[in-house]
Amino acid sequence: MNGRYRIANIVGARPNLPKIAPLIREMQRHPEIEPILIHTGQHYDETLSKIFFSQMGIPEPHLNLGVGSGTHAEQTAKILSQIEPILLKQRPDLVLVVGDVNSTIAVSLAAAKIGIAVAHVEAGLRSFDRTMPEEINRVLTDALANYLFATEADAVDNLLREGRPREFIHLVGNVMIDSLLHFLPFAEQSRVGDELGLRNGKSWKPFGLLTLHRPANVDSTEKLAEILSVIDVIAEKIPIVFPVHPRTQHQLNQTGIKHHAQLRRIQPLGYLDFLCLLSKATLVLTDSGGIQEETTALGVPCLTLRDNTERPVTVSQGTNVLVGTNPSKIMAATQRILAGEGKNGRMPPLWDGHAAERIVEVILRNGPRV
Ligand code: UD1
C-alpha cells in the first residue's frame, strides 16, 4: 500500500456516536491509517451531538455538512448532494458508515456511485418491517457495502439470504458495547442519581427508565397517550425517569398529554449520565434499538415497546422482552420484573469490548479495495 490508508468515517445522528468512538480510537493507534471524520449534521442539538463528542473524546469532525432536519427525502437528498463533491475531492480509500440512520444510506449511495468502497458497521440487522425507515436504510446500505460487519449471527444469515458474498461478511461483535465497557467506570462517577433524587449515599432507590422516539409510537397522539397511560400505572408503583427525545417533546407540546407525577420528564441526557441510569435501573422500557443491546450487556431487564426487533439476540440470549404497546402485556411483564422474576440473560458472543480492533484488523488485512 502506498501512503496512508484514508478512511472517511461518517456520523449523523446520536446513536452513531458511541459506535464511531471506539473505531476512531482504534484507527488512531495505527499510523498507517488516516481517519477522517465527517458529521452530516442530521442531529445538531447540544444534547444529541456535541456532548457525546466531548464525553467520549471523539475528535472534532473535519467537516460538518449541517443538513439539519427535514422529511426523509429532503434530508437524504441534502446529504447525497453535499457529500458527493467532498468525496470526489478527498478520494478516501474507504467510507465507513454505522447503524441505520438517513446519513448511513445517503453517504453509502454517494460513495458507491463514484466507486469508493463502503464499510457498514452493524450490517445485516433486520426487523422485516418496511414501515420502519431504518429497515429501508439497512437493506439498501447492505446492498451497497463491500465490508459488512455484523454484531450477531442472525445478521450474517440475513445477509447470506439476501445474496451478499460470504467474503464480504465479518462477524466481529458490537462496537457500541466496546463503548459501554470502556465508559462504564466513568459513568459510575456521574452525579445524575443525586440530581434526580434516586440515590442516597451509595444506595440507589428502585426506578424505571423510559425512552420513546419511534415514529410509530410517538407521531400519533392516540398511540403516545395510550403508551403513557400504561406508564402512569407503572409510575404508581415505581418512579420512572423519562429523558424526552425532541421528536417526542414536539408531540407532547402539541397535545398537552398529562401524566403521573412519578413519571419524571427530563431533557435528553449525555452519554455518561444515561449509561449510569441504565446500569442502575430496575427496569427499562424503550423503543430504541441500541438500548435493547445495552441492557442485555448490563444484565438489566428491558421491555421493548415494539412488536419486532432487528436485534433478536437480545431476546434469545439477553434480558430483552418484546411487549409491543399492548397495555396488559406491558403490565404483566412489568409485574414480573418488580416481583424479582425478570429475565436473566447472558452476554452474546464477541460482545467483549474488542469489536473495533477486529474491524480495523479486517480492513487492514484486505487493503484499500475489496
Ligand atoms: C433519527 C434516526 C433514528 C434514530 C434516532 C435517534 C433516521 C431515519 N432516524 O430519528 O433511526 O433512532 O435518530 O435519535 O435517520 N430534532 C431536534 N434536534 C436535533 C435533531 C432533531 O430538535 O438535533 C427534532 C426535529 O424536530 C426533527 C425531529 O427531531 O424533525 C426528528 O429528527 P430526525 O433526525 O428526522 O429523526 P429522529 O427521530 O431523531
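Just follow the structure's listing: the first ligand is 1, and inside any ligand the first atom is 1. Numbering starts at 1 and runs along the sequence shown. Computation of the quantities below employed the complete heavy-atom set of this structure, encompassing side-chain atoms and omitting hydrogens, waters and symmetry-equivalent molecules. These figures come from a predicted structure and were not determined experimentally.
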Could you tell me the residue and atom name of the protein heavy atom closest to [atom], and the distance to it rounded to 0.1 Å?
atom                    : answer
atom 19 (C) of ligand 1 : Y44 CZ, 3.4 Å
atom 25 (C) of ligand 1 : S69 OG, 3.4 Å
atom 10 (O) of ligand 1 : H43 NE2, 4.4 Å
atom 8 (C) of ligand 1  : N102 OD1, 3.3 Å
atom 22 (O) of ligand 1 : P246 CB, 3.2 Å
atom 7 (C) of ligand 1  : Q42 NE2, 3.6 Å
atom 2 (C) of ligand 1  : V101 CG1, 3.7 Å

Neighbour count above 12 (heavy atom, 6.0 Å) for K223 NZ: yes
E162 atom CD, over 12 foreign heavy atoms within 6.0 Å: yes
Modelled atom types, side-chain donor and acceptor of S179 and K19, under 3.5 Å: no
Expected output: side-chain D352 to main-chain H354 donor-acceptor under 3.5 Å: yes
Exam field: side chain D142 to backbone G124, donor-acceptor pair closer than 3.5 Å: yes
Show the atoms of ligand 1 that are less than 4.0 angstrom away from any heavy atom in [X].
X    : answer
L48  : 19 (C), 20 (C), 23 (O)
H72  : 8 (C)
Q75  : 34 (O)
E134 : 3 (C), 9 (N), 11 (O)

Sub-4.0 Å heavy-atom contact, H245 with ligand 1: yes
Residue from T76, T104, N102 passing side chain to side chain donor-acceptor pair (under 3.5 Å) with N137: N102
Carboxylate-amine/guanidinium proximity below 4.0 Å for E361 and R365: yes
Mode of P15 contact toward ligand 1 - side chain, backbone, both, neither (heavy atoms, under 4.0 Å): side chain
N/O separation below 3.5 Å, D45 to ligand 1: yes
Nitrogen or oxygen of N137 less than 3.5 angstrom from that of ligand 1: no
Plane angle bin for H39 and F53 - parallel if under 30°, tilted between 30 and 60°, otherwise perpendicular: parallel
Aromatic ring proximity, centroids under 6.0 angstrom, F183 and Y271: yes
Joint cluster assignment, F242 & V230, ILVMFWY side-chain distance < 4.5 Å: yes
For atom 4 (C) of ligand 1, the option (of Q249, E74, R247, H213) bearing the nearest heavy atom: H213
